[in-house]
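So that the names make sense, note that chain A is the first sequence line, chain B the second, and so on, each numbered from 1.
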2 protein chains.
Amino acid sequence: MGEVAQLADVSPSTVSLYLRHPDKVSSQRAERIQTAIDRLGYLPNTMAGGLASSRSNVIGVIVPTITNSFFSATLETLERHLRPAGYQLLIGNSEFDESREEELIRSILSWNPAGLVLTGFAHSRKSISLLAKSDTPIVEMWDFGQKGLDMVVGFSHRTCGKLVAEHFLAKGYRKAAFLSTSFQRDIRAKERYQGFREDMTNAGGSVVLRELQGRSNTAETGELVRELVSDHTDLEAIFCANDIVALGVLLECQRQGWPIRDRLAVAGFGNQDFTASTVPPMTTVEPPSQEIGQHIARMLLARLGGSLTEQETRLDLGVRLVAREST
Amino acid sequence: MGEVAQLADVSPSTVSLYLRHPDKVSSQRAERIQTAIDRLGYLPNTMAGGLASSRSNVIGVIVPTITNSFFSATLETLERHLRPAGYQLLIGNSEFDESREEELIRSILSWNPAGLVLTGFAHSRKSISLLAKSDTPIVEMWDFGQKGLDMVVGFSHRTCGKLVAEHFLAKGYRKAAFLSTSFQRDIRAKERYQGFREDMTNAGGSVVLRELQGRSNTAETGELVRELVSDHTDLEAIFCANDIVALGVLLECQRQGWPIRDRLAVAGFGNQDFTASTVPPMTTVEPPSQEIGQHIARMLLARLGGSLTEQETRLDLGVRLVAREST
DNA sequence: TTGAAAGCGCTAACAG
DNA sequence: CTGTTAGCGCTTTCAA
C-alpha cells in the first residue's frame with residue numbers, strides 16, 4: 001500500500017480511505033490511486049486490515065457435513081447473499097460431533113468473525129461458554145422450537161413428522177415404519193420420527209423404527225425393507241429419513257415385485273429433484289434449504305447493520321408436504 | 001495475550017513461544033501459562049499472528065459448485081487431511097464462471113493463503129497473472145492432461161469417455177448418444193464426450209449429443225430421452241454426464257416400458273451409492289473424488305514442508321469403469 | 001479532503 | 001530458556 005501511495009503521490013492513509021470510501025477522496029487523486037493499484041497489481045492484505053480495524057469480513061458456518069444436498073444448498077445460497085456484501089464464508093465440518101464442533105468454534109472465533117452460523121441447538125457446554133464470552137452474532141439454523149443462543153432460522157422437524165403422520169392417516173395407513181439414517185448422526189431425523197410417531201400412535205396407529213448403520217446406503221436400505229416386511233406382514237407405509245433412503249425402498253419394492261402404495265406406501269424427505277420422476281412419483285417433504293440461507297443472510301446483515309429488532313431474531317420457515325403417487 | 005502473560009507472570013513472548021512450540025518452554029512456566037489460558041478463556045488472534053508471521057494457515061479452494069457430490073467429497077477429504085496439520089479451508093464457489101473465479105482468486109489471495117486449489121485448467125488471463133505474481137502454491141484438480149500452472153491432481157476425462165466407448169463397442173453397441181448437462185457449465189463433461197465420440201466413430205459407430213439446459217434435471221432428462229428415441233429409432237446406448245442423469249434415463253425407460261439394455265443400454269458417471277441398487281444395477285464410471293482430496297493434501301503438505309520433488313507435482317489418478325447390468 | 005501518528009495483537013530476531 | 005525490541009500492513013483518530 002505504501003508503494004501505491006508513492007506511485008500515486010499521496011499518503012498511505014489516503015489510499016486506505018480510497019479503498020474503503022472511494023467517494024471521500026477527490027476524483028483526481030482517486031484516479032491516480034486506481035491507476036497505481038492497477039499498475040502494481042496491488043491486493044490489500046486482509047489480515048492487516050482485520051487486525052487494524054479489529055473486525056473481519058469472515059462469517060463462519062459449521063455444518064455436520066457438506067456432502068449432503070440439504071446443507072450444501074443452504075451454504076450456496078448463504079454465500080450468494082453474503083458475498084455481495086463483502087463477506088467471506090469460512091466453512092467447517094463438524095461431522096455430527098460436538099467436540100469437533102467445539103474445536104471448529106474455537107478456530108473460527110480466533111478469526112474474529114463478523115458472525116457465526118451453527119447447525120441445530122446441540123452444542124457442548126464449553127462451546128456455549130466460548131460463544132457467550134465472544135459477542136459474535138450467532139445464528140442456529142435448520143431447526144426450530146428451542147430457545148437458541150441468539151438468532152434462529154429453521155423449521156420444526158417434529159411438525160414435519162406430524163405432517164406426514166397426518167397424511168398417512170388420511171390415506172388410511174395405520175401400520176407404519178420410520179426408516180432412518182443413524183439418529184446419532186442426525187438428531188433432526190430423530191425429531192421427525194418423534195413427531196411422526198406421536199401422531200400415529202395417538203390416532204391408534206403404530207410405528208416401527210429401523211435405523212441404518214451410517215449414512216444413507218441403498219443396499220442396506222433394501223435389506224432393512226425386506227426384514228421389515230417379513231417381520232411386520234401388515235406394514236402399510238414407510239416414512240424415510242431422506243429421499244435417497246426412500247429411493248432405496250422404492251427400488252427394493254420394485255426388485256421384489258411389490259406394488260408401491262398398494263403393497264407399501266413410501267414417503268421421503270428433501271424433495272430432491274429426482275423424486276418427481278421416480279415410478280411412481282414419490283411423496284416427500286420439502287425443507288426450505290435455500291430459504292434458510294437467504295434469511296440467515298438477511299438477518300445477519302441487518303444485525304451487522306445495527307437494524308434488527310428483537311422479534312425478528314427467530315424465524316420458523318416451516319415445511320411443505322409434497323403429496324405424489326407413492327402414498 | 002498480555003493478560004495471559006501477566007497472570008502467568010512471564011513475558012508475552014514466552015506465551016507466544018509456548019503457543020507455537022510448547023516444548024521450548026520450561027515445564028513449570030508452561031503449566032502456569034496453560035492455567036492462565038484456561039482461566040482467561042484466551043483465544044489467540046489469528047489475524048495478528050498471520051500478519052506478524054506473514055503467512056497464514058488458510059488454504060483456498062475454488063470449486064464450480066458445492067452442491068455436487070463429486071466436489072463436496074473432495075472438499076471433505078481435503079479438509080479431513082489438512083485440518084490436523086493446522087490448516088483452514090476457505091471455500092469459494094465459482095459457479096462455473098471464469099470472472100467469478102477471478103474475483104474469488106483475488107479475494108483469497110488477499111488472505112495470503114498457504115496454498116490455493118483450483119478446479120480445472122480454465123482460468124481468465126487476469127487470474128493467471130494474479131497467480132503468477134503471488135508465489136502461492138497452486139493445485140489444479142479434477143482434470144489432467146494439460147500443462148498446468150504448478151501442481152496437478154486429477155484424471156483424464158477424455159480417457160474416461162474412451163473407456164465407456166470401449167465398453168459399449170465390446171457389448172456390440174454402435175449407435176450411441178451422449179446425454180449431458182450443459183457443456184458451458186461443465187467443460188469436463190465435454191471432454192468425456194469428446195473422448196467417447198472419438199473412439200465410437202473411429203470404430204464405425206455414431207454418437208448423437210443432447211445437452212440439458214442447466215444442471216441435472218430428471219424431468220427434462222425424460223423429455224430428451226423420448227425425443228432421442230423417436231428421432232433415432234436405432235439408438236442402442238446412452239452415456240450420461242452423471243449418475244443422476246442416468247437415473248433419469250432409467251426411470252423414463254421404466255415409464256415407457258422399454259427394457260433397459262435390451263432396448264436401450266445406459267451408463268452413468270460418478271458411481272454414486274444408489275447406482276448399485278437401481279433396477280437393473282447401473283454401469284457407471286468411478287472418479288477418484290476422495291483420492292483427489294487426499295493426494296492434494298499430501299502434495300500441498302510436502303510442498304509447504306519443502307520436500308516435494310519435481311516429478312511428484314503431477315498426478316493422474318485415473319478412473320475405473322464399473323460394469324453392471326444396465327449395459 | 002488530506003496526512004501524521006499511534007496503534008491493532010502477535011511474531012521474530014536478538015541479547016542475555 | 002526468557003525477555004526486550006522492533007515491526008507485520010493496515011485503520012483510525014486527530015489536526016491541518
Side-chain angles (χ1 to χ4, degrees), chain A residues 1-34 36-37 40-58 86 88 106-114 133-136, chain B residues 1-34 36-37 40-58 86 88 106-114 133-136:
Chain A
M1 181 153 148
E3 287 186 62
V4 174
Q6 237 176 333
L7 189 62
D9 194 29
V10 295
S11 78
S13 46
T14 306
V15 177
S16 171
L17 189 64
Y18 169 73
L19 254 22
R20 281 165 304 118
H21 308 285
D23 44 323
K24 291 199 171 181
V25 170
S26 70
S27 55
Q28 23 162 350
R29 296 189 196 227
E31 207 173 309
R32 292 211 311 268
I33 293 172
Q34 187 56 58
I37 287 175
L40 263 38
Y42 167 75
L43 283 180
N45 181 323
T46 311
M47 305 229 213
L51 178 59
S53 63
S54 69
R55 50 193 160 59
S56 82
N57 66 340
V58 167
Q88 258 285 354
R106 208 180 282 279
S107 147
I108 292 177
L109 243 29
S110 77
W111 283 96
N112 226 297
K133 193 142 17 193
S134 95
D135 55 349
T136 313
Chain B
M1 181 153 150
E3 286 186 62
V4 174
Q6 238 176 334
L7 189 61
D9 193 28
V10 295
S11 78
S13 52
T14 306
V15 176
S16 171
L17 189 64
Y18 170 73
L19 254 23
R20 283 166 301 122
H21 308 285
D23 44 323
K24 291 198 171 181
V25 169
S26 71
S27 56
Q28 22 161 352
R29 297 190 194 227
E31 208 173 308
R32 292 213 309 270
I33 293 172
Q34 187 56 57
I37 287 174
L40 262 39
Y42 167 75
L43 283 179
N45 181 323
T46 311
M47 305 229 212
L51 179 59
S53 63
S54 68
R55 49 192 162 61
S56 82
N57 67 341
V58 166
Q88 258 286 354
R106 209 180 282 280
S107 147
I108 291 177
L109 244 29
S110 77
W111 283 95
N112 226 299
K133 193 141 21 191
S134 95
D135 57 347
T136 313

Which part of the nucleic acid does [X] contact within heavy-atom distance under 4.0 Å: base, sugar-phosphate only, or nothing?
X: A:L17; value: base
X: A:P12; value: nothing
X: B:N112; value: nothing

Between atom [atom1] in [X] and atom [atom2] in [N], what is the gap in whole Å?
X: B:H21; N: C:dA12; atom1: NE2; atom2: C1'; result: 10 Å
X: B:I37; N: C:dC10; atom1: CD1; atom2: P; result: 10 Å
X: B:I33; N: D:dC1; atom1: CD1; atom2: C1'; result: 11 Å
X: B:L51; N: C:dG7; atom1: CG; atom2: P; result: 17 Å
X: B:M1; N: D:dT4; atom1: CE; atom2: C1'; result: 13 Å
X: A:L109; N: C:dG9; atom1: CG; atom2: P; result: 15 Å
X: B:K24; N: C:dC14; atom1: NZ; atom2: P; result: 15 Å
X: A:Y18; N: D:dT12; atom1: OH; atom2: P; result: 18 Å

Which one, [options], comes nearest to the side chain of [X]?
X: A:R20; options: D:dT11, D:dG9, C:dT2; result: D:dT11
X: B:A52; options: D:dC8, D:dC10, D:dT2; result: D:dC8
X: B:N45; options: C:dT2, C:dC10, D:dG3; result: C:dC10

Between [X] and [N], does any side-chain N or O lie under 4.0 Å from OP1 or OP2?
X: A:S53; N: D:dT11; value: no
X: A:Y42; N: D:dC10; value: yes
X: A:S16; N: D:dT11; value: yes
X: A:R55; N: D:dC10; value: no
X: A:R29; N: C:dT1; value: no
X: B:S26; N: D:dT2; value: yes
X: B:T14; N: D:dT2; value: no

Expected output: side-chain A:R32 to main-chain A:Q28 donor-acceptor under 3.5 Å = no

Nearest 0.5 Å, what's the OG1-CG distance between B:T46 and B:N57?
-> 6.5 Å

Considering non-hydrogen atoms only, spot the tightest contact between A:I108 and A:P113 and give its length.
->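 Taking A:I108 first and A:P113 second, the nearest heavy atoms are O-CD, 3.3 Å.
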
In short, A:I33 meets A:V4 closest at the heavy-atom pair O-CG1, 4.1 Å

Flag the pair A:V58 / A:N112 as yes when at least one side-chain heavy-atom distance between them is below 4.5 Å, and no otherwise.
-> no

Do B:L7 and B:Y42 pass the side chain to side chain contact (heavy atoms under 4.5 Å, CB included) test, and can you show the C-alpha distance, the side-chain angles, and the key distance before you say yes or no?
-> CA-CA 12 Å; B:L7 189 61; B:Y42 167 75; over 6 Å; no

Is there a donor and acceptor pair closer than 3.5 Å between the side chain of B:S13 and the base of D:dG3?
->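 Side chain to base: pair found, below 3.5 Å.
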
